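This report refers to the structure that appears directly beneath it.
Just so you know, these numbers come straight off a predicted model, no measurement behind them. Numbering of residues begins at 1 and proceeds along the displayed sequence.
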Amino acid sequence: MEREKAISEDEINLLDLLIVLVKRAKLILALTFGCALITGLISFILPPVYKAETKILSPLNSPSSFNQLSQLAQFEQFSAFLNIKDPSELCVSLMKSNTILDRIIDRFQLLKRYKTKHRVDGRKILLNNLRISIDKKSGIITIGVFDRDPKFAADMANAFVEELKNFTRGLAVTEAAQRRLFFEEQLKDVKMALIKAEEEMKAFQEKTGVISVEDQAKVVIESIANLRAQIAAKEVEIKVMRTYLTPNNPDLQKAEEQLKALRIELAKLEAKSGRNPDPLVPTGKMPTVTVEYLRQLRELKFLETLYELLLKGYEKAKLDEANDAVVIQVIDKAMPPEKKAKPKRRQMVLLATLIGFFVSILLAFILEYIERTKEDENNRKRLETIKAYLKQIRH
């Protein structure tokens with residue numbers, strides 16, 4: 001019996017709801033179709049917006065580009081990108097950086113086009129019109145730009161790729177130029193010292209008549225001179241690396257370990273010759289003239305080897321400076337789109353219709369509640385009390 005009563009009450013409640021909906025049907029229909037009609041008119045009034053897309057291949061697919069792009073992240077300018085391990089994400093972050101955004105703004109005079117005086121606002125509008133996505137499987141980066149002019153949108157999308165190339169190339173050249181200039185300065189100093197050592201050796205031979213020494217002594221001299229030159233060259237290399245790499249960089253740590261090993265090897269070789277003024281030859285066993293000759297020969301061999309090592313580093317830096325920073329391959333160049341991307345009239349009208357329908361139902365129940373409240377004497381008194389308090393608050 002109780003169960004039948006509960007079911008009956010539920011039916012009555014559902015019927016009450018249906019009564020409200022039927023009673024306010026005109027309101028619901030008017031509001032629903034009104035929202036759809038207004039939205040439809042607005043969608044026709046809104047100017048069409050086009051989306052142009054260009055696709056590039058992620059540097060991840062090129063090992064050399066990956067290494068170069070990873071090195072760029074070591075610069076102070078890229079401190080915000082040091083935690084980014086995926087080169088595709090780094091490319092996206094670079095294209096959204098203020099530097100590239102400002103280049104696009106200046107290139108296309110976007111402040112004037114967007115009707116804003118402040119560059120910060122121009123960047124925000126540009127970012128709102130920019131869509132960049134990454135396909136993790138293929139490594140393809142899609143760059144899309146929205147604009148009312150289809151050709152303008154295509155030009156801007158292609159410009160983002162061009163500016164990314166120029167930006168990364170400029171940074172790589174900066175790093176390579178730093179290395180080249182550093183090696184260049186070191187080469188000048190070593191070359192002057194080498195010329196001086198050659199002149200001193202020539203003058204010493206002309207004065208003393210000493211032309212050569214034993215082969216065994218010469219081998220020892222060349223070995224130590226070679227080690228000293230490698231140590232000096234490695235020190236120069238590490239000093240250059242510290243200008244653009246962080247202390248925790250694996251390449252820098254590896255170079256420091258190599259320098260340490262070279263110093264240990266040199267110390268062992270010098271220890272075998274005793275601790276006299278010249279570690280190469282015991283002075284008590286050879287004439288003074290020969291010892292002096294060996295010292296000058298050692299210095300000459302050292303400078304010759306050092307010059308050759310520095311010259312190799314200099315040539316490599318010049319080659320790196322001439323090369324592009326990152327190989328960014330364009331798969332699809334952006335073309336002026338034929339179809340508009342928005343406004344999407346059908347979706348807009350459908351969404352507005354649904355929103356209008358639910359809002360009208362809510363409004364119908366609110367109006368019904370207000371109407372019933374006014375009919376109830378107690379509720380009417382409560383409403384009057386509330387109105388009285390509201391008047392007191394206003395006064």
field: Validation row: Leu110, Met156 side chains within 4.5 angstrom (heavy atoms)
entry: yes

If we only count heavy atoms from C-beta on, is the Met95 to Ile104 side-chain gap below 4.5 Å?
no

Distance col, row His118:NE2 vs Ile125:CD1, nearest 0.5 angstrom, shows 11.0 Å

The salt bridge (Lys or Arg N to Asp or Glu O under 4.0 Å) partners of Arg123 (sequence neighbours excluded) come to Asp102

Would a single hydrophobic cluster contain both Ile134 and Ile56, if residues Ile, Leu, Val, Met, Phe, Trp and Tyr are joined by side-chain heavy-atom contacts under 4.5 Å?
yes

- prompt: Is the distance between the ring centroids of Phe108 and Phe152 under 6.0 Å?
  reply: yes

Assess whether a salt bridge exists between Lys260 and Glu265, defined as any Lys/Arg side-chain N lying under 4.0 Å from an Asp/Glu carboxylate O. no

For Lys96 and Leu127: C-alpha separation, side-chain torsions, deciding distance, then whether side-chain contact (heavy atoms from CB on, under 4.5 Å) applies. CA-CA 7 Å; Lys96 291 183 178 180; Leu127 283 173; 4.1 Å; yes

Would the number of heavy atoms belonging to other residues, nucleotides or ligands and lying under 6.0 Å from CZ of Phe146 be above 12?
yes

Checking Val161, Val92, Asn158 against Ile143 for side-chain contact (heavy atoms from CB on, under 4.5 Å), the one that qualifies is Val161

Under-4.0 Å salt bridge between Arg103 and Glu162:
no

_Under a 4.0 Å threshold between the charged nitrogen and the carboxylate oxygen, would Lys55 count as salt-bridged to Glu53?_
no

Side chains of residues 24-36: which donor-acceptor partners sit under 3.5 Å, not counting sequence neighbours?
residue, atom, partner, partner atom, Å
Arg24, NH2, Glu368, OE1, 3.4
Arg24, NH2, Glu371, OE1, 2.9
Thr32, OG1, Ile28, O, 2.7

Quick test of your reading of the model: are Lys51 and Asp147 salt-bridged, counting only N-O distances below 4.0 Å? no

Checklist entry - Taking 4.0 angstrom as the limit, do Lys234 and Glu256 come out as a salt bridge? => result no

Scanning both residues in full, the closest heavy-atom pair of Ile141 with Cys91 reads CD1-CB, 4.0 Å

### side-chain contact (heavy atoms from CB on, under 4.5 Å) evaluation trace for Tyr114 with Asp121
CA-CA 9 Å; Tyr114 294 153; Asp121 297 330; over 6 Å; no

Closest heavy-atom pair, Thr353 versus Val349, reported as atoms and distance to 0.1 Å, is OG1-O, 2.7 Å

Is it the case that over 12 heavy atoms from other parts of the model lie below 6.0 angstrom from the CZ atom of Arg148?
no

Tell me, with the steps shown, if Leu94 and Phe167 meet side-chain contact (heavy atoms from CB on, under 4.5 Å).
CA-CA 9 Å; Leu94 290 176; Phe167 191 38; 4.0 Å; yes

Do Tyr50 and Met348 land in one hydrophobic cluster if side-chain heavy atoms of ILVMFWY residues count as linked below 4.5 Å? no

CG of Asn98 to CD1 of Ile105, rounded to nearest 0.5 Å, is 8.5 Å

Correct closest heavy-atom pair for Ala364 and Val20 would be O-CG1, 4.1 Å

dist Gln347:CD -> Leu351:CG (nearest 0.5 Å) comes out at 9.5 Å

task: Mark yes when over 12 heavy atoms from residues, nucleotides or ligands other than Phe358 sit less than 6.0 Å from its CZ; otherwise mark no.
output: no

Name every donor-acceptor pair, under 3.5 Å, that has one atom in a side chain of residues 333-342 and the other anywhere in the protein, sequence neighbours excluded.
residue, atom, partner, partner atom, Å
Lys340, NZ, Pro343, O, 2.9

Would you call Phe365 and Leu21 a side-chain contact if the rule is heavy atoms closer than 4.5 Å?
yes

